[in-house]
A.B. asks: 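Next up is a structure, given as structure tokens.
Just so it is clear, the model here is predicted, and its values are computed rather than measured.
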Amino acid sequence: MKRARPTPPPATPTTSRSSPIPPLPTPPQPRHSSKKHQKIIFKPTNWAPVNLTQSELSLPLTFPTGQTFRWKQTGPLQYTGSLGRHLISLKHHQNGDVYYQIHHSPSQSAAKSALLSFLNTNISLTEMWHGFAAADSRFAELAQHFKGARVLRQDPLECLIQFLCSSNNNISRITKMVDFVSSLGDHLGNVEGFEFHAFPSLERLALVTEQQLREAGFGYRAKYVTGTVNALQSKPEGGVKWLESLRKLQLQMVIDSLCTLPGIGLKVASCIALFSLDQHHAIPVDTHVWRIATTHLVPELAGASLTPKLCGRVADAFVTKYGKYAGWAQTLLFIAELPSQKALLPSVTVNEKKSSKKRGSKAQRGN
């Protein structure tokens with residue numbers, strides 16, 4: 001199973017060519033609000049600094065890169081999403097610094113606290129990348145062009161459900177599925193024509209049947225969603241608390257625990273661990289990461305078939321190279337391969353084209 005990747009227009013490749021994917025019903029489209037939602041329309045007016053420079057957080061290199069599928073681009077260099085019952089927009093100021101606007105929240109202070117946690121602001125990306133660059137000249141080169149690619153700290157339940165939807169899927173379909181699930185939560189408002197909801201509670205998700213999800217286009221993933229929701233509800237301490245408790249465990253225990261849930265394998269478990277459970281050295285290994293690893297970290301594995309055992313070797317190679325924040329390094333290397341992200345930075349594409357000739361023989365050996 002491959003990690004879902006953002007898709008450059010106009011084509012939308014899938015991550016699986018082996019099985020046909022039926023079309024999903026189209027969810028409510030942006031800029032066409034339903035009447036019941038028209039009373040809650042927000043237009044950003046007052047922005048406050050997050051105290052993160054563009055080198056610490058690049059919104060285009062963080063949000064549309066397959067970590068989360070709930071944040072929408074609501075303007076040039078602006079993204080909007082919900083954190084619990086807080087509806088928040090982020091955007092880059094003219095100097096590149098990141099600013100935020102709270103549209104709706106029961107508590108302004110709680111909203112800011114949730115935002116800072118979500119953005120992992122206690123971690124210095126610049127300092128971390130300095131260490132990575134010292135250990136890896138290739139990382140040092142890429143980091144000059146893709147500054148601010150940050151790993152998010154999502155709500156574990158939201159992250160889990162999103163990545164259950166990602167199995168053998170593409171960004172467009174995953175987003176529609178996640179939009180369907182999100183629409184089951186309380187409506188928070190409209191920003192620039194997009195409707196936003198709080199993510200539904202585990203109890204609300206338990207009311208959704210497998211048949212309803214199949215009718216919404218989830219296919220075989222429907223049984224995994226309902227099965228996982230039922231499994232979480234059966235946890236003695238409660239499913240949400242159980243998921244949050246995984247943040248205190250060692251990575252292998254986290255992976256093993258997540259893999260007991262229906263539809264979750266090693267790669268999906270690693271994504272959930274990295275993007276929501278504070279397991280900063282988790283390495284989601286798919287065919288793209290495998291290619292990066294066999295080209296630059298473990299060339300002796302080139303030509304071998306990707307197996308769970310070799311996934312472990314790849315993960316170990318990343319940790320050996322980059323240390324306890326290896327998952328963050330892997331995220332940058334993954335993003336740097338995305339054509340859709342390079343398209344957002346035309347100057348980077350030009351620079352890389354110019355330098356590719358200089359690296360020619362080296363690049364050929366790497367392939």
A.B. asks: Quick one, Leu152 and Thr62 - any side-chain contact, counting heavy atoms below 4.5 Å?
C.D. replies: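 Sidechains of Thr62 and Leu152: in contact.
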A.B. asks: Might you work through the side-chain hydrogen bond (donor to acceptor under 3.5 Å, both in side chains) test for Arg70 and Ser82, ending with a clear yes or no?
C.D. replies: CA-CA 8 Å; Arg70 300 195 67 226; Ser82 64; 3.2 Å; yes
A.B. asks: Hey, mind stepping through His187 and Glu195 against side-chain hydrogen bond (donor to acceptor under 3.5 Å, both in side chains) and telling me if it holds?
C.D. replies: CA-CA 8 Å; His187 181 254; Glu195 306 293 349; 2.7 Å; yes
A.B. asks: What residues join Leu266 in its hydrophobic cluster, counting side-chain heavy atom gaps under 4.5 Å, either direct or through other members?
C.D. replies: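 Taking Ile, Leu, Val, Met, Phe, Trp and Tyr as members, Leu266 shares its hydrophobic cluster with Leu251, Ile255.
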A.B. asks: Are Phe118 and Asp155 close enough that some pair of their side-chain heavy atoms sits under 4.5 Å apart?
C.D. replies: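 They are not in contact (no side-chain heavy atoms under 4.5 Å apart), so the answer is no.
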A.B. asks: Please table the atom pairs, donor to acceptor, closer than 3.5 Å between any side-chain atom in residues 315-329 and protein atoms at least two apart or in another chain.
C.D. replies:
residue	atom	partner	partner atom	Å
Thr320	OG1	Asp316	O	2.8
Lys321	NZ	Ala135	O	3.3
Tyr322	OH	Asp136	OD2	2.4
Trp328	NE1	His280	ND1	3.1

A.B. asks: Between Lys72 and Asp179, does at least one N-O distance fall below 4.0 Å, as a salt bridge requires?
C.D. replies: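 Between Asp179 and Lys72 there is a salt bridge, with a charged N closer than 4.0 Å to a carboxylate O.
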A.B. asks: Can you hop from Leu77 to Tyr79 via hydrophobic side chains spaced under 4.5 Å?
C.D. replies: no
A.B. asks: Less than 3.5 Å apart, any donor N or O on the side chain of His103 or Ser89 sitting next to an acceptor on the other?
C.D. replies: yes
A.B. asks: Does Lys147 qualify as a cation-pi partner of Trp129, given the criterion of NZ or CZ under 6.0 Å from the six-membered ring centre and within 45 degrees of its axis?
C.D. replies: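 No, Lys147 does not lie over the aromatic ring of Trp129.
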A.B. asks: To the nearest 0.5 Å, what is the distance between CG on Leu332 and NE2 on His145?
C.D. replies: 11.0 Å
A.B. asks: Is there side-chain contact between Leu87 and Ile102, with heavy atoms separated by less than 4.5 Å?
C.D. replies: no
A.B. asks: Determine the minimum heavy-atom distance between Ala269 and Leu258, stating which atoms define it.
C.D. replies: O-CD1, 3.5 Å
A.B. asks: Would you say the side chains of Ser167 and Tyr220 form a donor-acceptor pair under 3.5 Å?
C.D. replies: yes
A.B. asks: Nearest 0.5 Å, what's the NZ-CZ distance between Lys176 and Phe69?
C.D. replies: 15.0 Å
A.B. asks: For Ile283 and Leu274: C-alpha separation, side-chain torsions, deciding distance, then whether side-chain contact (heavy atoms from CB on, under 4.5 Å) applies.
C.D. replies: CA-CA 7 Å; Ile283 307 295; Leu274 176 61; over 6 Å; no
A.B. asks: Are Met253 and Val268 connected, step by step, through hydrophobic side chains (Ile, Leu, Val, Met, Phe, Trp, Tyr) whose heavy atoms are closer than 4.5 Å?
C.D. replies: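 Same cluster.
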A.B. asks: Give a yes or no on whether the backbone of Asn120 and the side-chain of Arg150 come within a donor-acceptor separation of less than 3.5 Å.
C.D. replies: yes
A.B. asks: Is the backbone of Ala114 close enough, under 3.5 Å, to the side chain of Ser117 for a donor and an acceptor to pair up by distance?
C.D. replies: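 No: the side chain of Ser117 does not pair with the backbone of Ala114.
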A.B. asks: For the side chain of Thr226 and the backbone of Ala222, is there at least one donor-acceptor N/O pair under 3.5 Å apart?
C.D. replies: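 Checking the backbone N and O of Ala222 against the side chain of Thr226, a donor-acceptor pair under 3.5 Å is found.
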A.B. asks: Pairing donors with acceptors under 3.5 angstrom, does anything connect the side chains of Gln162 and Gln154?
C.D. replies: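 Yes.
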A.B. asks: What side-chain hydrogen bond (donor to acceptor under 3.5 Å, both in side chains) pairs are there with at least one residue in residues 240-253, not counting sequence neighbours?
C.D. replies: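 Found Gln252-Asp256.
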A.B. asks: Please check if atom CD in Glu237 has more than 12 non-hydrogen atoms from other residues, nucleotides or ligands closer than 6.0 Å.
C.D. replies: yes
A.B. asks: Is there a donor in the side chain of Ser107 and an acceptor in the side chain of Ser109, or the other way round, less than 3.5 Å apart?
C.D. replies: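 Ser109 and Ser107 do have a side-chain donor-acceptor pair below 3.5 Å.
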A.B. asks: Can you measure from CD (Gln211) to NZ (Lys223) and round to the nearest 0.5 angstrom?
C.D. replies: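 Spacing of CD (Gln211) from NZ (Lys223) equals 14.0 Å.
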A.B. asks: For side-chain contact (heavy atoms from CB on, under 4.5 Å), just list the numbers for Lys112 and Leu115, CA-CA rounded to whole Å, side-chain angles, deciding distance to a tenth of an Å, and then say yes or no.
C.D. replies: CA-CA 5 Å; Lys112 183 176 181 180; Leu115 176 63; 5.5 Å; no
A.B. asks: Measure the spacing between CG of Asn230 and CG of Leu261 and express it to the nearest 0.5 Å.
C.D. replies: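 One gets 11.0 Å once the value is rounded to the nearest 0.5 Å.
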A.B. asks: Any side-chain donor paired with an acceptor under 3.5 Å for Arg153 and Ser276?
C.D. replies: no
A.B. asks: With the side chain counted from C-beta on, respond yes when Met177 and Asn169 share a heavy-atom pair under 4.5 Å apart, and no when they do not.
C.D. replies: yes
A.B. asks: Compare every heavy atom of Pro284 with every heavy atom of Cys271, then report the nearest pair and how far apart it is.
C.D. replies: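 Looking at all heavy atoms of both residues, the closest pair is SG-CB, 3.5 Å.
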A.B. asks: Could you state the interatomic distance from CG (Leu232) to CG (Leu160), rounded to the nearest 0.5 Å?
C.D. replies: 6.5 Å
A.B. asks: Taking it one step at a time, do Thr126 and Glu56 satisfy side-chain hydrogen bond (donor to acceptor under 3.5 Å, both in side chains)?
C.D. replies: CA-CA 6 Å; Thr126 304; Glu56 284 290 331; 2.7 Å; yes
A.B. asks: Do His93 side-chain atoms and Asp97 backbone N/O form a donor-acceptor pair below 3.5 Å?
C.D. replies: no
A.B. asks: Do Val50 and Leu119 come within less than 4.5 Å of each other through their side chains, counting heavy atoms only?
C.D. replies: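 When only atoms from C-beta onward are counted, Leu119 and Val50 do touch, with a gap below 4.5 Å.
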A.B. asks: Nearest 0.5 Å, what's the CZ-OG1 distance between Arg221 and Thr228?
C.D. replies: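 Output value for this atom pair is 13.5 Å.
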A.B. asks: Does a side chain donor of either Thr74 or Gln78 reach within less than 3.5 Å of an acceptor in the other side chain?
C.D. replies: yes
A.B. asks: Please find the pair of heavy atoms, one from Ile123 and one from Met128, that lie closest to each other, and give the distance.
C.D. replies: CG2-CE, 3.3 Å
A.B. asks: Shortest non-hydrogen contact from Leu202 to Leu157?
C.D. replies: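 Scanning both residues, the minimum pair turns out to be N-CD2, 4.0 Å.
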A.B. asks: Might you point out which heavy atoms bring Ile292 and Leu333 nearest each other, and give the distance in Å?
C.D. replies: CD1-O, 3.6 Å
A.B. asks: Can you list the steps and then say if Trp71 with Phe194 is a ring-ring contact (aromatic ring centres under 6.0 Å, His included)?
C.D. replies: CA-CA 10 Å; Trp71 283 66; Phe194 292 87; over 10 Å; no
A.B. asks: How about Val240 and Leu243: do any of their side-chain heavy atoms sit closer than 4.5 Å?
C.D. replies: no
A.B. asks: Work out which heavy atom in Thr65 is nearest to a heavy atom in Pro60; give both atom names and the distance.
C.D. replies: CG2-O, 4.3 Å
